[in-house]
Amino acid sequence: MLLESSLGKLVGSVRGGRVVESRLAKVTERIRSTEPVPLRIRLWTGRSYELGPDPAVTLTVPTPNALRYFGSPDLMTLGEAYVEGHIGLEGRVAEAFRVCERFTRAVGRSSAFTPLKRAIHTRGRDKKAIEFHYDVSNDFYRLFLDRNMVYSCAYYRTEGDGLDAAQEQKLDHILTKLQLRPEERLLDIGCGWGALIFRAVEKFGAHAVGITLSKNQYEHVREQIRARGLADRCEVRLQDYRDVPEQGGYDKIASVGMFEHVGLNNLVAYFRQIQRLLRDGGLALNHGITSVDPESGVVGLGASDFIERYVFPHGELPHIGLALREMAAAGLEVVDVESLRRHYAQTCTEWANRLEAHADLARAIAGERRFRIWSIYLAGCAYGFAHNWMNIYQALACKQGGPGMNPLPLTREFMYRGS
């Protein structure tokens, strides 16, 4: 019975493969004649389908069963097939993403935004989501991040800036916008590996508290505080933002690359907590990725589905209009908004290139599957930001109140003094 069942599945797989291969042949002929794509698909038989001249990328299909991923392809199905080892890739990952995006469009997939299925965000679920993404290995992240381990959009004053310089410029840009002064107290919500709080203490003379839900990040920052001799001015906590207790205890608050995890339904509560923690006249800066769809929908073509499954579970991106509305509803007066979309395209390109340059070491540290996930993710983010699939904004705000509550100068010149 077992042998018969296995043979039955094999026969069904071969027959199904023939159907998909027949469809693939027709699709190939149509694409070649109407909108060529520089892609080659090579089957286990040795037969190849070229969807355009001079293919830059080859996808290899080792079994008839793997052809099912080409039955109705999008970025999710093709990404899944690659990550799970059902198809192979010859060529650079960044080029493969670009080519496969063209392929899915040519097949007939729409790039329209789809409604977001809002997740329930609890302390427990959010902690597991953060651990899923960040608690891979600090050594893995070191392969592609800058020397300060900053895992967020860099700030390029010129296109020739190196990643190390651009990330330090980003840290200074944030702290300068916040007008951080000696002896002030700064809270960093989602502090990562600590670069911002270390900069705040060592360069700006402040006292800083960083919070994270990642145990790996927490242990790293705690060790760095000890090694740098900053225990009297710097603190890290393994803590949810909802549980920070010091009402009115902070002069300045920064949140960098964190509110994507908050959830659309929780935005008002998130910003209200920031408002509650600020002293009168305090300033807050929120730095986060946003949807470019006015309805806060997610990117089509299966890209968002891939990120949800493999990279950022329960991540939700609001449109900047929604984010600003919720900030106002929470009692924060938004005084400046800056888009860093092109900066993030360049940042992600550098990350993707660095990871690919250390591919063998990345595989040794995190395994083949994790390497494939991150290589697709970083290449896809670089492409997505470059093509305005999503945006990223820094929104500077002060606690609402009377005439004396806004401490900022009348012009924006203070942000660039000494640049």
Side-chain angles (χ1 to χ4, degrees), residues 79-80 82-85 89 92-94 97 124-154 162-164 166-168 170-171 188-199 210-228 234 236-240 256-258 260-261 289 306-315 344 347-382:
E80 176 188 352
Y82 175 64
V83 164
E84 304 300 345
L89 167 64
R92 296 189 66 244
V93 174
F97 189 93
R125 292 191 84 194
D126 288 351
K127 188 174 189 299
K128 288 181 180 178
I130 294 298
E131 289 171 344
F132 179 86
H133 185 86
Y134 293 102
D135 287 351
V136 179
S137 161
N138 289 346
D139 289 336
F140 177 76
Y141 282 102
R142 284 191 186 97
L143 296 178
F144 63 91
L145 297 182
D146 64 298
R147 63 189 172 207
N148 293 312
M149 298 277 286
V150 183
Y151 189 34
S152 54
C153 176
L163 184 61
D164 287 339
Q167 288 292 15
E168 289 184 355
K170 187 271 296 295
L171 301 177
D188 183 6
I189 299 176
C191 66
W193 286 275
L196 186 67
I197 59 175
F198 297 144
R199 194 75 167 179
I211 62 171
T212 178
L213 293 178
S214 163
K215 188 174 181 180
N216 281 7
Q217 291 178 343
Y218 169 75
E219 296 291 350
H220 174 86
V221 177
R222 190 170 66 168
E223 170 57 27
Q224 283 293 302
I225 290 173
R226 185 200 62 78
R228 294 170 184 241
C234 200
V236 63
R237 303 173 186 169
L238 195 61
Q239 188 175 50
D240 191 286
V256 183
M258 184 275 172
E260 298 91 332
H261 302 282
I289 302 171
F306 181 87
I307 292 173
E308 165 70 20
R309 175 172 175 181
Y310 286 106
V311 187
F312 273 120
H314 317 311
Y344 218 175
T347 305
C348 291
T349 297
E350 293 209 41
W351 286 344
N353 291 341
R354 285 176 171 226
L355 182 60
E356 194 161 1
H358 295 94
D360 291 341
L361 189 51
R363 290 184 175 101
I365 292 172
E368 177 67 29
R369 184 173 181 272
R370 181 75 71 173
F371 167 74
R372 290 189 177 199
I373 290 172
W374 249 251
S375 60
I376 293 175
Y377 170 62
L378 295 178
C381 285

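Values reported hereafter were calculated over all heavy atoms of this structure, with side chains retained and with hydrogens, waters and symmetry mates removed. Bear in mind that the values here come from a model prediction, so they are computed numbers and not experimental data. Sequential numbering from 1 along the given sequence is applied to the chain's residues.
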K.L.:
Within a strict 4.5 Å, meaning less than it, do heavy atoms of the F371 and I365 side chains meet?
P.N.:
no
K.L.:
How long is the straight-line distance from CG of L196 back to CG of D188, given to the nearest 0.5 Å?
P.N.:
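If I round to the nearest 0.5 Å, the distance is 4.5 Å.
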K.L.:
Taking the basic N atoms (NZ, or NE/NH1/NH2) and the acidic carboxylate oxygens, is any pair closer than 4.0 Å for K215 and E219?
P.N.:
no
K.L.:
Say you draw a straight line from CG of L355 to CG of L145; how long is it, rounded to the nearest 0.5 Å?
P.N.:
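Nearest 0.5 Å value for the CG-CG distance: 10.0 Å.
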K.L.:
Is the shortest side-chain heavy-atom distance between Q167 and N148 below 4.5 Å?
P.N.:
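They are not in side-chain contact.
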K.L.:
Between R199 and K170, is any pair of side-chain heavy atoms under 4.5 Å apart?
P.N.:
no
K.L.:
Please round to the nearest 0.5 Å and tell me the distance separating atom NE2 of H220 and atom CD of E223.
P.N.:
9.0 Å
K.L.:
What heavy-atom pair brings V236 and C191 nearest, and what distance separates the two atoms?
P.N.:
CG2-SG, 4.1 Å
K.L.:
For the CD atom of E168 and the CG atom of L163, what is their distance to the nearest 0.5 Å?
P.N.:
10.0 Å
K.L.:
Nearest 0.5 Å please: distance from the CZ atom of R237 over to the OH atom of Y218.
P.N.:
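Here the interatomic distance stands at 10.5 Å.
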K.L.:
With distance as the sole test, does Q224 use its side chain to make a donor-acceptor pair with the main-chain N or O of R222 at under 3.5 Å?
P.N.:
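No.
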K.L.:
Look only at the side chain of Q217 and the backbone of N138, and say whether a donor-acceptor pair between them is shorter than 3.5 Å.
P.N.:
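Here the side-chain-to-backbone pair does not exist.
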K.L.:
Hey, what do you get for OH (Y151) to OG1 (T347), rounding to the nearest 0.5 Å?
P.N.:
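If we round to the nearest 0.5 Å, Y151:OH and T347:OG1 are 12.0 Å apart.
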K.L.:
Taking all non-hydrogen atoms of both residues, which atom of S152 and which atom of V256 are closest, and how far apart?
P.N.:
OG-CG1, 3.5 Å
K.L.:
Can you see whether F198 has R228 sitting over its ring - NZ or CZ less than 6.0 Å from the centre and within 45° of the normal?
P.N.:
yes
K.L.:
Measure the acute angle between the ring planes of Y141 and W193, then classify it against the limits of 30° and 60° as parallel, tilted or perpendicular.
P.N.:
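Because their plane-to-plane angle lies in the 30° to 60° range, the rings of Y141 and W193 count as tilted.
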K.L.:
Please name the pair of heavy atoms, one in A166 and one in A154, separated by the smallest distance, quoted to 0.1 Å.
P.N.:
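Heavy-atom minimum between the residues: CB-CB, 3.7 Å.
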K.L.:
Restricting to non-hydrogen atoms, name the atom on A352 and the atom on A379 that form the minimum distance, rounded to 0.1 Å.
P.N.:
CB-N, 4.0 Å
K.L.:
Got R369 and V83 here, is their nearest side-chain heavy-atom distance under 4.5 Å?
P.N.:
yes
K.L.:
Assign the ring pair W374 / Y377 to parallel, tilted or perpendicular, where the plane angle (0 to 90°) is split at 30° and 60°.
P.N.:
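Perpendicular, since the angle between the ring planes exceeds 60°.
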K.L.:
Side chains of V93 and R372, heavy atoms from C-beta outward: is any pair under 4.5 Å?
P.N.:
no
K.L.:
Heavy atoms only: give me the nearest Y82-S375 pair and the separation to one decimal.
P.N.:
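So the two residues come closest at CE2-OG, 4.5 Å.
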K.L.:
When you measure from the side chain of Q239 to the backbone N and O of I211, does any donor-acceptor pair fall under 3.5 Å?
P.N.:
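It does not hold such a pair.
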